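Below is one structure; the comments refer to it alone.
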Amino acid sequence: MLFEFINLLKINKINQVKDLAELPLATVERILKDAGAKRVSKKAVILFAEWMEKTIKDLAQEAGKLAEHSGRRTITEEDVLLAKKRLGL
């Protein structure tokens, strides 16, 4: 998916890229501005959104593995914290 995003960005197909994002781009832009950015380009918002989605999915997958290893189907706070530590987040 990242390569698809980058290819669409290279040919300036911003509207198609927006359709691929799972996180609302306006929310990502607001987070970036809340972090101190005065202005943020659409391409930067899209790249941040893609990175955030991948990071969230990786964290969820790792936490799920930890829950399963413990014989549970429910991810707990402890699973998330340990997954963050394992992934270096």
Side-chain angles (χ1 to χ4, degrees):
M1 185 175 211
L2 178 60
F3 295 115
E4 190 174 353
F5 265 67
I6 291 171
N7 287 334
L8 290 171
L9 287 172
K10 285 180 182 175
I11 57 175
N12 289 322
K13 300 280 185 171
I14 298 293
N15 290 334
Q16 289 179 21
V17 172
K18 287 180 187 177
D19 294 339
L20 292 174
E22 292 183 41
L23 291 174
L25 296 180
T27 302
V28 174
E29 183 175 7
R30 188 183 73 243
I31 291 168
L32 292 168
K33 287 184 176 181
D34 287 349
K38 301 277 188 257
R39 294 177 54 184
V40 186
S41 73
K42 289 292 180 195
K43 289 181 181 183
V45 171
I46 291 165
L47 289 173
F48 265 101
E50 174 63 19
W51 177 81
M52 291 168 66
E53 288 172 14
K54 182 185 180 328
T55 301
I56 291 166
K57 287 177 183 176
D58 290 348
L59 181 61
Q61 187 175 38
E62 185 67 23
K65 288 177 187 177
L66 292 167
E68 186 178 330
H69 179 74
S70 296
R72 293 179 278 104
R73 292 175 31 185
T74 302
I75 294 173
T76 65
E77 177 183 0
E78 291 80 18
D79 296 326
V80 176
L81 294 173
L82 183 55
K84 281 178 54 178
K85 187 175 183 178
R86 283 186 170 191
L87 295 174
L89 301 175

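On a predicted model such as this, the values are computed, not experimentally measured, just so you know.
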Interatomic distance, Leu23 atom CG to Glu29 atom CD [nearest 0.5 angstrom]: 14.0 Å

Residue pairs, two or more places apart or on separate chains, that pass salt bridge (charged side-chain N to carboxylate O under 4.0 Å, His left out) and touch residues 79-89: Glu62-Arg86, Arg72-Asp79

Test item: Lys38 and Lys33 side chains (from C-beta on) under 4.5 Å apart, heavy atoms: no

Any side-chain heavy-atom pair of Glu22 and Lys57 under 4.5 Å: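 Yes, at least one pair of side-chain atoms sits under 4.5 Å.
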
Trace of the side-chain contact (heavy atoms from CB on, under 4.5 Å) decision for Ile31 with Met52: CA-CA 11 Å; Ile31 291 168; Met52 291 168 66; 4.0 Å; yes

Smallest separation among heavy atoms of Ala83 and Ala63, with atom names: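 In this case the closest contact between Ala83 and Ala63 is CB-N, 3.7 Å.
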
Counterpart residues, side-chain hydrogen bond (donor to acceptor under 3.5 Å, both in side chains), relative to Lys54 (two or more places apart):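 By the side-chain hydrogen bond (donor to acceptor under 3.5 Å, both in side chains) rule, Lys54 matches Asp58.
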
For Leu87, the rest of its hydrophobic cluster, which grows through side-chain links under 4.5 angstrom: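 Traced through the cluster, Leu87 reaches Leu59, Ile75, Val80, Leu89.
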
ILVMFWY network linking Leu66 to Leu81, side-chain heavy atoms under 4.5 angstrom: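 They do not share one cluster, since no chain of ILVMFWY contacts under 4.5 Å joins Leu66 to Leu81.
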
